[in-house]
Amino acid sequence: MNRAELVEILASKNDLSKTAANAVLDTLIETIQTAVKKGDAVQLVGFGTFKSAKRAARAGKNPATGAAIKIPSSTVPKFVAGAKFKAVVDPKTAKRKAGK
């Protein structure tokens with residue numbers, strides 16, 4: 001599914017124009033990006049959590065030459081799926097975990 005398909009589904013299910021649905025999606029994405037950039041986590045219960053994670057500096061190899069290179073530390077976005085989302089994607093695993 002791409003963005004246009006998502007906007008079309010949002011518009012049809014919520015009785016909105018495609019322009020309004022696109023604006024809502026833009027606002028949602030922008031808000032999540034701004035919060036994660038500030039270091040805040042955005043938790044959507046049942047769906048998942050968007051947050052930032054720090055990666056330490058490490059050594060790596062240039063795949064073309066095999067030479068050792070230094071990879072600097074960085075901050076990257078991270079998404080952790082919620083329990084309901086995981087259960088929808090893989091019901092067998094959710095059922096096994098519920099039985100424990």
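Small disclaimer: the values here were computed from a predicted structure and weren't measured.
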Distance-only check: which donor-acceptor pairs under 3.5 Å involve side-chain atoms of residues 25-54, not counting sequence neighbours?
from  : atom 1 : to    : atom 2 : distance (Å)
Asp26 : OD1    : Arg3  : NH2    : 2.0
Thr27 : OG1    : Ala23 : O      : 2.9
Thr31 : OG1    : Thr27 : O      : 2.7
Thr34 : OG1    : Glu30 : O      : 2.8

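- Closest of all the heavy-atom pairs between Ser12 and Ile9 is OG-O, 3.1 Å.
- Interatomic distance, Lys13 NZ to Glu8 CD, rounded to the nearest 0.5 Å: 12.5 Å.
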Donor-acceptor list for residues 62-72 side chains, cut-off 3.5 Å, not counting sequence neighbours:
from  : atom 1 : to    : atom 2 : distance (Å)
Asn62 : OD1    : Ala64 : N      : 2.9
Thr65 : OG1    : Ala67 : N      : 3.2

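- Remark: side-chain polar atoms of Asn22 are not paired, donor with acceptor, to backbone N or O of Lys18 under 3.5 angstrom.
- Other residues, nucleotides and ligands place no more than 12 heavy atoms under 6.0 Å from the CG atom of Asp15.
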